[in-house]
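Sequence positions, counted from 1, serve as the residue numbers for this chain. Every number for a ligand or one of its atoms is a count from 1 in the order of the listing.
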Amino acid sequence: MLGNSWFICLIRPIAWIVFLFPIMVGFYLGASKDTSLVTIIFGFGTLFFVLCFGFSVNALGDEDVDIYHDGRSKDMILSRQPLVRGDLSIFQVKLLCLLFLIGSLLCALVVGFYFILTIIILDVIGYVYSLEPFRLKKRPIGDIMCNALLGVFFFLAGMTLGNPYLNPLFIVTVFLMASNFYIPTVMTDYEFDKKAGLRTSAIVYGAKQLSRVMYLLTAIICIFGVVLLLSVPFEVQIIALLMTIYTPIFTIITKKRLQGNQLTLHQNWILVPFGCLMFVFFCLALLKIVA
Ligand code: GPP
Ligand code: MG
């Protein structure tokens, strides 16, 4: 069955939704009549390889943690990853990672300079987040920073497929939003990461501190959202409005589902809204291109 194939379990396309959302928002903002079909095909081809690379190196680095996972709050039961089950050897996964990396760089060459730059940065963050000697996912703050930067650079990658709209306040808001949406995912991993002996932000600071950070981030995001609503073009206002409405809802739900240091939050609180919105923004981008 496709859903259980080793390839799908390695690359985890359902989990990509988290990153496809900022990509589509960026793609929508940058899209214009000048965006060519070749750019779209090679641009999305590149992003496919980057996502394959990021998730494969993550599987490579996380074998020690994934072995404990039972499916909670994730797109799949991670203990069924091909490396954990022995369907693939470490050498085979390393080889696939190398192919994905080369694929991402070659496809990006067709698109343009700024796009290549964002892709190199994304590949580097994917590597340092998951693999030793860096493995920033096991360092407090490092885990949040990497994911927040992934959110920003996936957004910029989507946008550099067309004409970049570089509003510093908007980019900072994307960064803060990505941080706010990542924090609960590190809280849901608390039990497995602790068993594996990792020192993530959730383990070092505890859920109470991180919830306070989420409240602070939410307040700042809402303030910036209102400033953006009052100062940016209509197409950016739509995004600012969505950010300002959904961020506090998400933060309150997270707080309600917290018991001690363990958060039980269904993955669909992120995957469903992000999945629907990414589809809407993709369609809106195509409309801008063909209209
Ligand atoms: C999942 O991380 C993987 C990533 C955030 C890396 C993606 C990188 C790219 C360049 C696409 P995780 O280990 O925190 O979560 P999980 O436990 O789901 O593997
Ligand atoms: Mg992992």
Side chain proximity check, Phe154 to Thr118, heavy atoms < 4.5 angstrom: no
Carboxylate-amine/guanidinium contact Asp62 Arg135, below 4.0 Å: yes
Give a yes or no on whether Asp66 keeps an N, O or S atom under 2.8 Å from the Mg ion (ligand 2). no
Ser130 near the Mg ion (ligand 2): N/O/S under 2.8 Å: no
Under-4.0 Å salt bridge between Asp189 and Lys74: yes
Shortest-distance N/O/S atom, Asp62 versus the Mg ion (ligand 2): OD2
Output for ligand 1, non-hydrogen cut-off under 4.0 Å, lists Arg12, Phe19, Leu51, Gly54, Phe55, Asn58, Asp62, Lys74, Leu78, Leu122, Gly126, Tyr129, Lys137, Asn147, Leu150, Phe154, Tyr182, Asp189
Could you check whether Tyr28 and Phe282 have their ring centres less than 6.0 Å apart? no
Less than 6.0 angstrom separating the ring centers of Phe27 and Phe44, yes or no? yes
Just checking Phe53 against Phe100, ring centres under 6.0 Å apart? no
So which heavy atom on Pro184 is nearest to which on Met214, and how close? CG-CE, 3.5 Å
